[in-house]
2 protein chains.
Amino acid sequence: MPRPTKHAPERGDARTRLLEAARDVVRTKGFAATTVDDLCKTAGVTKGAFFHHFKSKDALGVAVAEFWTETTSALFETAPYHTPTDPLDRVLAYIGFRRAMITDDITEFTCLVGTLAQEVHATAPEIRDAAGVSIFSHAETLEADIAAAVDERGIAPTVWNPASLARHFQATVQGAFILAKAGNNPDLARETLDHLDRYVRHLFGVQESNISGDLQ
Amino acid sequence: MPRPTKHAPERGDARTRLLEAARDVVRTKGFAATTVDDLCKTAGVTKGAFFHHFKSKDALGVAVAEFWTETTSALFETAPYHTPTDPLDRVLAYIGFRRAMITDDITEFTCLVGTLAQEVHATAPEIRDAAGVSIFSHAETLEADIAAAVDERGIAPTVWNPASLARHFQATVQGAFILAKAGNNPDLARETLDHLDRYVRHLFGVQESNISGDLQ
DNA sequence: GATAAGATACCAACCGGTTGGTATTAACAA
DNA sequence: TTGTTAATACCAACCGGTTGGTATCTTATC
């Protein structure tokens, strides 16, 4: 076990602490309104540490988007929605999982990279692209289950395809977050996920059901 | 006819010019990254004029959200999607209208108040609420057509209702914008509106169709 | 002792906002 | 018609605090 120093925040974790601070503060205030001093104060480090690990504020923006990609992909990989043997059940369980993640605290369940993409799409292409990778690589993890469900159910989608539907999932989730923020009410996010659930059941020709009982 | 002064920007329109500047610049850079000087330069007025018309930058934020509400409601009121006599056709034509508004320039077709709501939801409640009014009052204009379509088609929605579906429309549109920004590609927005079209046709039990031909 | 990690002190530019003033217009009285 | 008053609209210069970023130094680790 590494011998801790006398200082409360241990040496070597300043970068991670700054990324966690950025994740939380940016989701609350947005990227532009978040100052470097904000992040240093939240992380409990000084400016010298910040610019030692990130060459600029924009570089931190890219890094925190990549950090988000790593942490969320780990979260979704180990999430229980993968357990059903029926691929369509996994797809529906994904929606249930996203729905179950919605809590009372809006900043807690909303998406960092969605916020980033919207804010910097025209001014910081590197941050925007890092956010784009996060969203679209996550969408790709859904494609396999959707494609398997298409195969297993023997349906033949014409105008849509698994990749398109996976992206539509992400759009719906992002839109759900915006309505929750605009109305300051998480129920608005749940409501739109219920419509998504209904749409998917239609595409695969299964009965509607009250989804609030079988989350995950 | 009022005699124009010697100055190029005529007297009395500074407020409108500032609101138009805010609409354009905020959609590009976001609210926090937009400086008062930015707006003054774009509008061709001085800071004195700015603070004569708006008591603070936040007050401008509220005013530009209200300005957006006024201009967009005027746009949608006179839009051609109201012409079909069948209410469901009007609902589908609304989606087609939204789809037809998507151009190559992302900042041009995306939604100011969606951007505002996401950025300031936790830090500027007054701006957030003004953005919320804009989104939800627009959703309400859809409710009548959706309800009329429900009546006319004799369907009996149980878990969803016209108000909920109208909000889902807005969530889907907002989500479409975020994906277009994240992927820097307007096609991503069109794609998700096609899924919405398909969902609505399902809810009302009508055949799918290639919607790209009958926009508006 | 070399290198990475972090602290301290500092800076020039920029930010939202204020100040004190001027130009224009409308209302009204003489 | 002219003069007065008041209110609105706008301008140029300025202010103090904040911003992202840097230079320099100290400390820990291999």
Side-chain angles (χ1 to χ4, degrees), chain A residues 1-22 25-26 28-65 67 116 119-120 123-124 126-127, chain B residues 1-22 25-26 28-65 67 116 119-120 123-124 126-127:
Chain A
M1 154 179 173
R3 181 166 48 95
T5 66
K6 58 185 173 181
H7 303 303
E10 286 176 33
R11 250 185 110 80
D13 59 353
R15 186 187 148 92
T16 302
R17 294 169 59 82
L18 281 165
L19 289 172
E20 289 168 348
V25 179
V26 170
T28 306
K29 306 172 48 167
F31 182 73
T34 299
T35 69
V36 174
D37 281 331
D38 272 343
L39 300 176
C40 293
K41 199 172 296 181
T42 304
V45 301
T46 60
K47 245 178 183 179
F50 183 97
F51 284 100
H52 174 74
H53 289 289
F54 309 102
K55 78 169 207 292
S56 68
K57 189 192 171 188
D58 270 25
L60 177 275
V62 173
V64 76
F67 179 68
L116 277 177
E119 197 173 344
V120 306
T123 52
E126 290 141 34
I127 301 176
Chain B
M1 152 180 175
R3 180 169 48 97
T5 66
K6 56 184 172 181
H7 303 302
E10 285 175 33
R11 254 186 103 80
D13 59 0
R15 185 188 148 93
T16 302
R17 295 169 58 83
L18 281 166
L19 289 172
E20 289 167 348
V25 179
V26 170
T28 304
K29 306 173 46 168
F31 182 73
T34 299
T35 69
V36 173
D37 281 330
D38 273 342
L39 299 176
C40 293
K41 199 171 296 180
T42 304
V45 301
T46 61
K47 242 178 188 178
F50 183 97
F51 286 100
H52 173 73
H53 289 288
F54 309 101
K55 79 171 205 295
S56 67
K57 189 192 170 188
D58 269 25
L60 177 275
V62 173
V64 78
F67 179 68
L116 277 177
E119 197 173 344
V120 306
T123 52
E126 290 141 34
I127 301 177

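Computed from a predicted model, the values in this text were never measured in an experiment. Order of the sequence lines fixes the chain letters, A, B, ..., with proteins taken first and strands second; residue numbering starts at 1 for each chain.
As rounded to whole Å, 13 Å separates atom P of D/dA9 from atom CG of B/Leu18. In this structure, the NE2 atom of B/His53 is 13 Å from the C1' atom of D/dA7, given to the nearest Å. Between A/Arg17 atom CZ and C/dA5 atom C1' the separation is 14 Å, expressed in whole Å. B/Lys41 has its NZ atom 9 Å from the P atom of C/dC14, to the nearest Å. Remark: P of C/dT25 and CG of B/Asp13 are 13 Å apart, rounded to the nearest angstrom. For the pair B/His52 NE2 and C/dT18 C1', the interatomic distance rounds to 15 Å; values are reported in whole Å. Rounded to an integer number of Å, the gap from CZ of B/Phe51 to P of D/dC11 is 14 Å. Straight-line distance from the CG atom of A/Leu39 to the C1' atom of D/dT19: 13 Å, rounded to whole Å.
Annotation: side chain of B/Leu60 is not in contact with side chain of B/Phe67 (no heavy-atom distance under 4.5 Å). Side-chain contact between B/Val64 and B/Val26: absent, with no pair of heavy atoms (C-beta onward) separated by less than 4.5 Å.
Rounding to the nearest 0.5 Å gives a distance of 11.5 Å between CZ of B/Arg15 and CD of B/Glu20. Within the model, atoms OG1 of A/Thr46 and CZ of A/Phe51 stand 11.0 Å from one another, a figure rounded to the nearest 0.5 Å.
Checking D/dG20, D/dC10, C/dA7 against the side-chain heavy atoms of B/Thr46 singles out D/dC10 as nearest. Comparing C/dG6, D/dT19, D/dG21 against the side chain of A/Ala49 picks out C/dG6 as the nearest.
B/Lys29 pairs by the salt bridge (charged side-chain N to carboxylate O under 4.0 Å, His left out) definition with B/Asp38, not counting sequence neighbours.
Projected onto DNA chain C by closest heavy-atom contact, A/Lys47 and B/Thr35 fall at different nucleotides, the more 5' of which corresponds to A/Lys47. In terms of position on DNA chain D, the residue among A/Gly48 and A/Ala32 whose nearest nucleotide sits closer to the 5' end is A/Ala32. Comparing A/Asp38 and A/Lys55 against DNA chain D, the residue whose closest nucleotide sits nearer the 5' end is A/Asp38.
At least one cation-pi condition fails for A/Lys57 and A/Phe50: the charged atom is not both under 6.0 angstrom from the six-membered ring centre and inside a 45 degree cone around its axis.
For C/dG17, its base never sits under 3.5 Å from the side chain of B/Lys57 at any donor and acceptor pair.
Listed for the B/Glu126 side chain is no donor-acceptor partner under 3.5 Å among the backbone atoms of B/Val62.
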Inset, instruction - Let me have DNA chain C in dot-bracket notation, would you? Count Watson-Crick plus G-U wobble pairs, both distances under 3.5 Å, and use [ ] for pairs crossing earlier ones and | for inter-strand partners. - result: ||||||||||||||||||||||||||||||
